Protein chains: 2
Amino acid sequence: MTDVRTLLLDQKLVLTPSEERIVQILLADYPASGLGTAGNLAKKAGVSDATVVRLAVKLGFEGFPDLQKRLLSEVEARLHSPLLMMEAKRHDGAVQGIAEAYLHAVSETIDKTIGATPSNTYDKVAKIIMAAKGRVGLVGGRFSRHIAGMLSGYLSQFRSNVQDIGTLSAQSFDILVDYGKRDVLIAFDYRRYQNDVIAFASQAADRGTSVILFTDQWLSPIAEHAEVTIICPLDVPSPYDTLAPAVAQIEALVAQILASLDDATRRRVESLEAVRAYNAVTLDGADNVSSTQPGPKRTKGTTSDA
Amino acid sequence: MTDVRTLLLDQKLVLTPSEERIVQILLADYPASGLGTAGNLAKKAGVSDATVVRLAVKLGFEGFPDLQKRLLSEVEARLHSPLLMMEAKRHDGAVQGIAEAYLHAVSETIDKTIGATPSNTYDKVAKIIMAAKGRVGLVGGRFSRHIAGMLSGYLSQFRSNVQDIGTLSAQSFDILVDYGKRDVLIAFDYRRYQNDVIAFASQAADRGTSVILFTDQWLSPIAEHAEVTIICPLDVPSPYDTLAPAVAQIEALVAQILASLDDATRRRVESLEAVRAYNAVTLDGADNVSSTQPGPKRTKGTTSDA
DNA sequence: GACAATCTGAAAAATTCCTTTCACATTTTG
DNA sequence: CAAAATGTGAAAGGAATTTTTCAGATTGTC
């Protein structure tokens, strides 16, 4: 008996946009999010109840209760897993430092992240970004704007018209006049969701701009307007949530884009890299102000390691 | 919140014979047997539906669905267990996309990171930062400056005189006149190590400023001048290295600092958070069945979006 | 630009599920 | 051994959920 997760991740499965949203929610908190009512799941995914039922049927079930039954039996199986018995013991294990424990938690979160987003999502986003005829804008909240900045740095190597909007101010909204159907807005919004970011993204969406959203499992309100939502399950034992998985996600996206570049663009990236290698420190340190120490490995002209 | 199992095992609870049968079934396969319908559970226990409902009420719930909701959130908590995540990870390991493989690699890198830095290092850095009488400056390279920005955002919540130096330009070096023995400079430098960052940090060190360096395993030349170096082992199969572990490290540092705050500072942070909560979006999470994590805190008087 | 095909949500309809009621059985108490 | 109290299931009633239908919207195609 194949498990539902496998069904959901099946490449051959052709899903409508609304259905994909449901799948994403389902995977983001699998399988718990499918154990409530169909209506509940629909609400979280921002679609109608009917669509949830249709998805269940499409996956080969009699209806939603049928799918749920299967989900339930999986839960049962997993709760009986021998691993779980070990877990209780592990809890009072070695006393780690605060920082170590934190890093552990982050690592686990990234593992969860892997299961939380269908693999073709990155591909889809990569295509949207590279195919956009207009501009690609990036916004983020108090902390996540730094991630927007990083992604913007990467993207501007691959295409032109990348605009890092930075900290939102009243004037920032003027930028919106330039946004329309040909443009793409990449928004980062993790809790506490920020009103200004939400307003900005919503207005862009209203103007026909495709919105790509990076958010956590509780979903920013922007998800309503987003064409694609990339979810990061955050539950780290800290007053502040971790953004490391989000960074990993944008880097994964970059890796995806890199893999799909045509030759011309790849050459562009390579020549950019060559310029950088020239300006960076070299092993023999001829131009290195105050250090004669061993530096990084010298690389000539290739981008392979950077 | 007491878990249902505890309620069921409560000695003070006086149960009728039929009720005991239900409890037995429930505990025998806890909590899965309670996740179906009330009628289903009744059948398994060999009692009527009505008796199941009465038990739920007797236990202090509104009705059966109420009990089930609680059960569901317990399941979710258990399914989030790290060990089970590992298991799930192995499961769908077969066909991975580029993005998935990348995330895997990042996760492993973070695991390595844990061993790469002695546990007291974070503590030491935390003390240096919080004890500095002068200013705390942050610099970084092309991409790592975003990490500097994030850390700067965190730090300015804990102390004053935090200066995010941002992109280095010729003028940036003027800032150095203000740096001396009472100050701290936090530098981020991952390969390709940037000459400007190296020069800046070196000169600050020459002026007596304590330099804290975040770098990769090949060590930026700044390491020579740094008082403390925090290393991140980077070897991800991508033309670009990952910065996610670096983000995790600064967050771990923040966690360390948070743990060592005195009451006055902690109150400062809390009131900052309160202000934010007020300005953040409010969501209605009341009927969210499958999440044990609270969503954003509800605050009155704010509108949800603009 | 028009047509067909598909997608989607709102609302109605059908079904399932939960709860209450009530009559009967069982146990407890005087 | 009554008589009261409690426990129980069947069935009816009510509530909630799932499913279907239908019309509007969108997308893709010629």
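What's counted below: heavy atoms across the whole structure, side chains too, no hydrogens, waters or symmetry copies. Keep in mind the model is a prediction, meaning the values are calculated, not measured.
- A distance-only check finds no donor-acceptor pair linking the side chain of Ser144(A) to the backbone of Gly140(A) [under 3.5 Å].
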* Between Ser107(B) and Asp111(A), does a side chain to side chain donor-acceptor pair (under 3.5 Å) hold up when you go through it step by step? -> CA-CA 6 Å; Ser107(B) 164; Asp111(A) 285 342; 2.7 Å; yes

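- Candidate nucleotides dG7(D), dT20(D), dG9(D) were compared by shortest atom distance to the side chain of Ala50(A), and dT20(D) ranks first.
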Identify each atom pair where a protein N or O and an N or O of nucleotides 26-29 of chain D are less than 3.5 Å apart, giving names and distance.
none

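- Rounded to an integer number of Å, the gap from Phe64(A) CZ to dT17(D) P is 11 Å.
- Taking side-chain N and O atoms only, Thr51(B) has no distance below 4.0 Å to OP1 or OP2 of dG7(D).
- Across all strands shown, Val47(A) has heavy atoms under 4.0 Å from sugar-phosphate atoms exclusively, and none from any base.
- A 4.0 Å heavy-atom criterion places the boundary nucleotides of DNA chain C facing chain A at dC7(C) to dA10(C), written 5' to 3'.
- Here the straight-line distance linking atom NZ of Lys181(A) with atom NZ of Lys133(A) works out to 13.5 Å at 0.5 Å rounding.
- Separation of atoms CG (Asp216(A)) and SG (Cys232(A)) is listed at 7.5 Å; rounding is to 0.5 Å.
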* Asked: So Leu213(A) and Ile231(A), side chain to side chain contact (heavy atoms under 4.5 Å, CB included) or not? Walk me through it.
  -> CA-CA 8 Å; Leu213(A) 171 68; Ile231(A) 297 169; over 6 Å; no

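- Sequence order on DNA chain D of the closest nucleotides to Asp49(B) and Pro17(B) puts Pro17(B) first from the 5' end.
- Between Tyr179(A) and Gln163(A), the side chains place a donor N or O and an acceptor N or O closer than 3.5 Å (distance only, hydrogens not considered).
- A salt bridge does not link Arg70(B) to Asp66(B): none of the charged nitrogens lies less than 4.0 Å from a carboxylate oxygen.
- In this model, no donor atom of one side chain and acceptor atom of the other lie less than 3.5 Å apart for Thr37(A) and Asn40(A).
- One can place NZ of Lys43(B) at 16 Å from C1' of dG9(D), the figure rounded to the nearest angstrom.
- For Ser48(B) and dG9(D), the shortest distance from a side-chain N or O to OP1 or OP2 is below 4.0 Å.
- Terminal axes of the helix from dT19(C)-dA12(D) to dG30(C)-dC1(D) (five pairs each, C1' rotation axis) are separated by 10°, to the nearest 10°.
- Interatomic distance, CZ of Arg135(A) versus OG1 of Thr209(A), reported as 10.0 Å (0.5 Å rounding).
- Asn40(A) places its CG atom 9 Å from the P atom of dT17(D), with the value rounded to the nearest Å.
- In terms of phosphate contacts, Thr37(A) brings no side-chain nitrogen or oxygen within less than 4.0 Å of OP1 or OP2 of dA16(D).
- Salt-bridge check for Lys58(B) with Glu19(B): passed, with a basic side-chain N closer than 4.0 Å to an acidic carboxylate O.
- Minimum interatomic distance between Leu35(A) and Gln68(A) (heavy atoms only, all atoms of both residues): O-NE2, 2.9 Å.
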